[in-house]
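Okay, structure first, notes after.
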Amino acid sequence: MEFKYVIVGAGLAGLTMAERIANELKEKVLVIEKRGHIGGNIYDSYNDDGILIHNYGPHIFHTNDSGVYEYLSEFTKWNDFWHRVLTYVDGNLVPMPITVETINKLYNLNLDCSQVEKFLKKQAVEIEEIKTSKDVALSKVGKDIYEKIFETYTRKQWGIDPSELDTSVISRIPIRLNRDTRYFNDKYQGMPSHGYTRMCERMTANKNIKIMLQTDYKEVIDQLDYKTLIYTGSADEFYQYKYGRLSYRSINFVFETHDKSEYQEAPVVNYPNDYDFTRITEYKKLTNQKNDKTTIGKEFPASEGEPYYPFPTKECKAQFALYEEEMKEEENVIFIGRLAEYRYYNMDAVVRRALDAFENLKKSHSSCGGELIG
Ligand code: FAD
Ligand code: UDP
């Protein structure tokens, strides 16, 4: 079988590349996916009660990158959605991320914005060099809030102490000295009106794109003739684990349907200090679907299972760097995505990465009169 381009993985990285190659270069492309569906971790589906769930945990699209927003908007309309999260601390539900409301509720105060700023300055621990996620939190909010909101959640989520995780993890959560209780404040936010899977189906609706599901690429790759491989699977797997297995954090998603129309006050409620799960998502509150029943998803972090989160520690990054050196030497393989680049990418960053990789690919395509080099 001959395809100029073969893509491993039908997640957002792989599908963005497939769409661009098929629609702009008008070339044939084969996508090989080991799961039984496209979409990778953004896959969503209707459960037995007809409720749309995100099979791999809650996905909220948010970005400041207008190019990415416009690109995905070619394949979906968006429902207006401003994500909100509450976190359960000391018997109260308080808004996340930390805002003026959070501080007032946590300490039973009635401070205004500037008073909260002073309050947090007083709490903050002075740290000479911020090296870890624990340093990030302590330096912004001090010991008490760190212990109430970040310490145990992070230990549950990652299985290690925040002092062992690099700064990028807790830095994802802003501290707001205002009353904006939205989880993200990016310019564009929304949920695809008919779901992520539908969006992915529309991205791949081109006869130049062939998708082979339930196939590990290793089973077929030797029988394929191709010029460029776009690889979005795990880097260690590509190199037969020669530098050892990279660590990933996994999650067991447990879904429950309740015979009532509403389960909780917000789309997501975090449980930093209680239970073994980190958070509960109520899907109807993300999608705005109407149904007499409601489905929730609990997330139980695990060290074994599907690789969801690359591990942001010094040791893991050093181990990945060994694979990265080898990856740089590959002439006809493009590595992109959360697994291949071992990066904690959000959806918008993955699409941006794929669009940029495509632009590079296009240059080499056109500089050889339509033929690819190497
Ligand atoms: P993936 O989606 O992992 O796709 C890789 C694909 O490659 C998979 O389908 C896999 O099966 C396939 N594959 C791997 N190995 C092989 C092989 N050997 N042969 C064939 N196929 C193979 N981002 C946001 O912007 N907002 C959010 O709210 C958000 N929430 C998230 C919540 C959770 C719980 C998780 C885990 C992630 C979340 N993300 C969120 C991140 C988002 O899921 C990723 O940015 C995006 O899905 C990455 O796409 P990808 O194509 O790089 O990887
Ligand atoms: N976090 C926390 N308490 C919370 C929410 C998040 O300590 O209530 C930390 C935790 O370490 C988590 C990180 O902040 O892994 C990033 O949170 P985010 O909500 O972005 O996680 P994701 O949606 O990527 O799982």
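Along the sequence shown, residues carry numbers from 1.
- Between T102 and T99, the side chains place a donor N or O and an acceptor N or O closer than 3.5 Å (distance only, hydrogens not considered).
- For the pair K148/P272, no side-chain contact is recorded, criterion being any heavy-atom separation below 4.5 Å from C-beta on.
- In the model, N270 has no side-chain atom that pairs as donor or acceptor with a side-chain atom of T87 under 3.5 Å.
- Here the closest non-hydrogen pair linking A18 and V31 is CB-CG2, 3.9 Å.
- E33 has its side chain out of reach of M212: every pair of non-hydrogen atoms, C-beta onward, lies at least 4.5 Å apart.
- The shortest distance between side-chain heavy atoms of M96 and I149 falls below 4.5 Å.
- Using a 3.5 Å distance cut-off with no hydrogens or angles, the side chains of Y69 and N64 do not pair a donor with an acceptor.
- No more than 12 heavy atoms of other residues, nucleotides or ligands sit less than 6.0 Å from atom CZ of R343.
- No side-chain heavy atom of E27 sits less than 4.5 Å from a side-chain heavy atom of N208.
- The minimum heavy-atom distance between A340 and M327, with the atom names listed, is O-CE, 3.2 Å.
- The closest side-chain donor-acceptor pair between N332 and T228, if any, does not fall under 3.5 angstrom.
- Shown here for T232 and L339, the closest heavy-atom pair between the two residues is O-CB, 3.7 Å.
- Open room surrounds NZ on K28; 12 or fewer heavy atoms of other groups in view lie less than 6.0 Å from it.
- With no hydrogens or angles considered, a side-chain donor-acceptor pair links R35 and N41 at under 3.5 Å.
- Annotation: D274, atom CG; neighbour count of heavy atoms from other residues, nucleotides and ligands within 6.0 Å is above 12.
- Side-chain contact between T257 and T294 is absent, with no heavy-atom pair separated by less than 4.5 Å.
- Taking a cutoff of 4.0 Å between a charged side-chain nitrogen and a carboxylate oxygen, D236 and R245 do not qualify as a salt bridge.
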E74/R202 under salt bridge (Lys or Arg N to Asp or Glu O under 4.0 Å): CA gap, chis, key distance, verdict: CA-CA 9 Å; E74 288 176 36; R202 295 193 64 191; over 6 Å; no
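- Looking only at atom types and distance, the side chain of W78 has no donor-acceptor partner in the side chain of S193 under 3.5 Å away.
- Within the structure, the ring-ring contact (aromatic ring centres under 6.0 Å, His included) test picks out the following pairs touching residues 195-218 (sequence neighbours left out): H54-Y196, Y217-Y231.
- Within the structure, side-chain hydrogen bond (donor to acceptor under 3.5 Å, both in side chains) contacts touching residues 9-23 (residues at least two apart or in different chains) are E19-N23, E19-Y71, R20-E24, N23-N206.
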Pair F75-T204, side chain to side chain contact (heavy atoms under 4.5 Å, CB included): steps then yes or no: CA-CA 10 Å; F75 311 103; T204 51; over 6 Å; no
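- Here E262 pairs with K285 in a salt bridge; the nearest charged N to carboxylate O distance falls below 4.0 Å.
- Contacts classified as ring-ring contact (aromatic ring centres under 6.0 Å, His included) and involving residues 149-175 (residues at least two apart or in different chains) are given here: W158-Y309, W158-F311, W158-Y344.
- With hydrogens and angles ignored, the 3.5 Å screen pairs no side-chain donor or acceptor of S171 with any backbone N or O of V169.
- Contact of the I32 side chain with the I7 side chain is not registered, since no non-hydrogen atoms from C-beta on lie closer than 4.5 Å.
- By the side chain to side chain contact (heavy atoms under 4.5 Å, CB included) test, Y46 pairs with L52, Q289, sequence neighbours left out.
- A 4.5 Å side-chain heavy-atom check between I53 and F253 finds every atom pair outside the cut-off.
- Nearest heavy-atom pair, A22 versus V29, reported as atom, atom and distance to 0.1 Å: CB-CG1, 4.3 Å.
- In this structure, the side chain to side chain contact (heavy atoms under 4.5 Å, CB included) partners of V350, at least two apart in sequence or on a different chain, are L12, A13, Y345.
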Per-pair distances, 0.1 Å, donor-acceptor, side chain in residues 114-121, under 3.5 Å, sequence neighbours excluded:
from: S114; atom 1: OG; to: D112; atom 2: OD1; distance (Å): 3.3
from: Q115; atom 1: OE1; to: D112; atom 2: N; distance (Å): 2.8

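- More than 12 heavy atoms of other shown residues, nucleotides or ligands fall within 6.0 angstrom of atom NE2 in H37.
- Annotation: side chain of K242 is in contact with side chain of E326 (closest heavy-atom distance under 4.5 Å).
- Residues K314 and D166 are not paired through a salt bridge, judged by the lack of any N-O separation under 4.0 Å between the basic side chain and the carboxylate.
- Every residue meeting the side chain to side chain contact (heavy atoms under 4.5 Å, CB included) condition with K218, not counting sequence neighbours, appears here in chain and number order: D216, E237.
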Worked verdict on E147 versus K143 for salt bridge (Lys or Arg N to Asp or Glu O under 4.0 Å): CA-CA 6 Å; E147 286 173 357; K143 189 165 175 289; 3.0 Å; yes
Test side chain to side chain contact (heavy atoms under 4.5 Å, CB included) applied to T167 and T132, step by step: CA-CA 5 Å; T167 54; T132 68; 5.6 Å; no
I42/C200 under side chain to side chain contact (heavy atoms under 4.5 Å, CB included): CA gap, chis, key distance, verdict: CA-CA 9 Å; I42 71 171; C200 292; 3.8 Å; yes
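- When hydrophobic side chains of Ile, Leu, Val, Met, Phe, Trp and Tyr are connected at separations under 4.5 Å, L86 ends up clustered with Y88, L93, V254, Y263, V269, Y271, Y275, F277, I280, I296, F300.
- Between the side chains of N47 and T295, at least one donor-acceptor pair of N or O atoms lies under 3.5 Å.
- In summary, K105 and E101 do not engage in a salt bridge, as defined by a charged side-chain N under 4.0 Å from a carboxylate O.
- Partners of H59 by side-chain hydrogen bond (donor to acceptor under 3.5 Å, both in side chains), not counting sequence neighbours: none found.
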Audit row: D356, R352, salt bridge (Lys or Arg N to Asp or Glu O under 4.0 Å) steps and yes/no: CA-CA 6 Å; D356 290 348; R352 167 52 57 208; 3.0 Å; yes
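- With sequence neighbours left out, Q214 forms a side-chain hydrogen bond (donor to acceptor under 3.5 Å, both in side chains) with no residue at all.
- With sequence neighbours excluded, the residues that form a salt bridge (charged side-chain N to carboxylate O under 4.0 Å, His left out) with K328 are E325.
- Between the side chains of S163 and D161, at least one donor N or O lies within less than 3.5 Å of an accepting N or O.
- Around atom CG of N360, more than 12 heavy atoms belonging to other residues, nucleotides or ligands sit under 6.0 Å away.
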Derivation and outcome, side chain to side chain contact (heavy atoms under 4.5 Å, CB included), residues E306 and Y248: CA-CA 8 Å; E306 282 284 300; Y248 290 92; over 6 Å; no
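- By the side chain to side chain contact (heavy atoms under 4.5 Å, CB included) test, R182 pairs with W82, R84, D180, N185, Q189, sequence neighbours left out.
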Audit row: Y323, Y243, ring-ring contact (aromatic ring centres under 6.0 Å, His included) steps and yes/no: CA-CA 7 Å; Y323 287 112; Y243 302 115; 5.1 Å; yes
